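On a predicted model such as this, the values are computed, not experimentally measured, just so you know. Letters A, B, ... mirror the listed sequences (proteins, then strands); counts begin at 1.
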There are 2 protein chains.
Amino acid sequence: MSRPPAPSGDDLLKVLTALGNPHRMRIVAALGGGRNYVSALAREIGIGRPLLHMHLQRLEAAGLVTGTLELAANGKAMKYFELTPFAYVLTPETVAGAALTLTTELTKEEKTTMKETTS
Amino acid sequence: MSRPPAPSGDDLLKVLTALGNPHRMRIVAALGGGRNYVSALAREIGIGRPLLHMHLQRLEAAGLVTGTLELAANGKAMKYFELTPFAYVLTPETVAGAALTLTTELTKEEKTTMKETTS
DNA sequence: TGAACCCGTCAAAAGGATCTGACACATGTC
DNA sequence: GACATGTGTCAGATCCTTTTGACGGGTTCA
């Protein structure tokens with residue numbers, strides 16, 4: 001009876017767009033072997049460091065990985081990333097449930113209204 | 001012990017990019033209430049018919065929905081879409097496993113090589 | 001001081017996804 | 001025939017994502 005908590009629509013959307021990319025899937029795979037720092041990861045996967053930086057940001061924003069800036073013994077600052085243990089189930093029901101709480105895709109009128117109201 | 005079959009990397013990628021879109025999540029939600037035809041769906045969701053057509057194509061290409069062109073009693077041809085019962089589990093392990101079989105993201109050299117070989 | 005590492009950010013180019021407004025075709029009804 | 005319904009497709013505009021190269025900063029070690 002213990003069911004995983006139903007994610008909000010926006011959260012699930014962030015997770016799906018985060019994982020829906022070959023590079024980011026490979027990053028998850030690479031981090032499966034253990035934590036690693038950015039430059040080493042870039043070499044391992046074979047992409048540039050600024051590019052990897054952006055992908056890691058996206059994964060972290062979705063809550064799938066965690067970055068920690070640490071000072072190594074030699075004094076160098078290194079940012080280690082590791083996997084967050086996540087578990088999402090994708091079925092018509094879970095997707096439909098999440099879709100109900102989506103706040104995205106507002107019409108242009110709604111957007112301008114929100115800007116006016118917020119400002 | 002019965003484990004859902006591990007999807008290939010390309011398949012999972014298609015599913016993730018298909019579901020990682022607010023409109024398509026809402027389409028899945030709408031089809032959860034039962035099958036429907038394109039024009040009615042477009043009105044229900046509130047988007048244009050050509051746009052919905054494209055989104056349905058993407059969902060069908062990912063194997064999440066199925067379309068059937070039927071002749072209604074009045075002789076009109078109507079395309080009904082319905083949900084395919086799918087179930088994907090997203091964990092670091094499943095993603096990592098799928099990433100190993102990714103064929104996308106070839107380097108430019110590989111791409112040109114394939115073109116030459118294929119032609 | 002220069003080299004070799006590490007970190008981050010930025011602007012601009014390139015590519016892909018999304019969206020819209022036409023168009024063409026068919027059918028049944030007023 | 002005109003109209004409302006359904007189907008599909010297309011070109012072009014637009015927007016978001018991805019990618020690259022060039023910066024800036026920091027630390028150790030020879």
Original post:
Is any side-chain nitrogen or oxygen of H55(A) closer than 4.0 Å to OP1 or OP2 of dT19(D)?
Top reply: yes

Between CG of L69(A) and P of dT9(C) the distance, given in whole Å, is 11 Å

_Under 3.5 Å: donor-acceptor pair, side chain of T91(B), backbone of A87(A)_ = no

Counting the atoms with a prime plus P, OP1 and OP2 as sugar-phosphate, which does K79(A) contact under 4.0 Å by heavy atoms, base, sugar-phosphate, or nothing?
sugar-phosphate

Atom CG of L13(A) and atom C1' of dA17(C) are separated, to the nearest Å, by 14 Å

Checking dG28(C), dT9(C), dT18(D) against the side chain of N74(B) (C-beta onward), the nearest is dG28(C)

Rounded to whole Å, the CE-C1' distance (M78(B) to dA4(D)) equals 13 Å

To the nearest angstrom, the CG-C1' distance between L52(A) and dT9(C) comes to 15 Å

In whole angstroms, the gap separating C1' of dC7(C) from CD of Q57(A) amounts to 13 Å

- request: Give a yes/no on whether any side-chain N or O of N21(A) is located under 4.0 angstrom from OP1 or OP2 of dT18(D).
  value: yes

At less than 4.0 Å, is any side-chain N or O atom of R43(A) found next to OP1 or OP2 of dC6(C)? Yes or no. yes

Rounded to whole Å, the CG-P distance (L41(B) to dG6(D)) equals 12 Å

Taking only side-chain N and O atoms of S39(A), does any of them lie within less than 4.0 angstrom of OP1 or OP2 on dC7(C)? yes

Comparing nearest nucleotides in DNA chain D, the 5'-proximal residue of the pair I47(A), R49(B) is R49(B)

Of dT18(D), dT20(C), dT7(D), the nucleotide closest to the side chain of L51(A) is dT18(D)

On DNA chain D, more 5' by nearest nucleotide between G75(A) and Y80(B) is Y80(B)

Atom CG of N36(B) and atom C1' of dT7(D) are separated, to the nearest Å, by 15 Å

Side-chain atoms of R58(B) come closest, of dC6(C), dT7(D), dT18(C), to dT18(C)

Among the nucleotides dA17(C), dT7(D), dC7(C), whichever has the atom closest to the side chain of Y37(B) is dT7(D)

The nucleotide from dT5(D), dT9(D), dC19(C) with an atom nearest the side chain of K76(B) is dT5(D)

Under 4.0 Å, counting only non-hydrogen atoms across every strand here, what does M54(A) touch: a base, just sugar-phosphate, or nothing? base

Taking dT7(D), dT9(D), dT18(C) as options, the one with an atom nearest any side-chain atom of V38(B) is dT7(D)

Within the pair R24(A) and dT18(D), is there a side-chain N or O less than 4.0 Å away from OP1 or OP2?
-> yes

Residue pair T17(B)/A77(A) against DNA chain C: nearer the 5' end by closest nucleotide is A77(A)

Exercise for the section: Flag the pair R35(B) and E70(B) as a salt bridge only when some basic side-chain nitrogen lies within less than 4.0 angstrom of an acidic carboxylate oxygen. Expected result: yes

Quiz item: Can you check side chain to side chain contact (heavy atoms under 4.5 Å, CB included) on E82(A) and Y80(A), steps first, answer last?
Solution: CA-CA 7 Å; E82(A) 63 186 329; Y80(A) 277 90; over 6 Å; no

**Study point:** Flag, side chain of R24(B) to backbone of A18(B), donor-acceptor distance under 3.5 Å
**Key:** yes

* Asked: Can you find a side-chain donor-acceptor pair between T66(B) and T84(B) that sits under 3.5 Å?
  -> yes

One should read off an interatomic distance between L59(A) CG and I27(A) CD1, to the nearest 0.5 angstrom, of 5.5 Å

Look at H53(B) and dC19(C) and indicate whether a side-chain polar atom (N or O) is within less than 4.0 Å of OP1 or OP2.
no

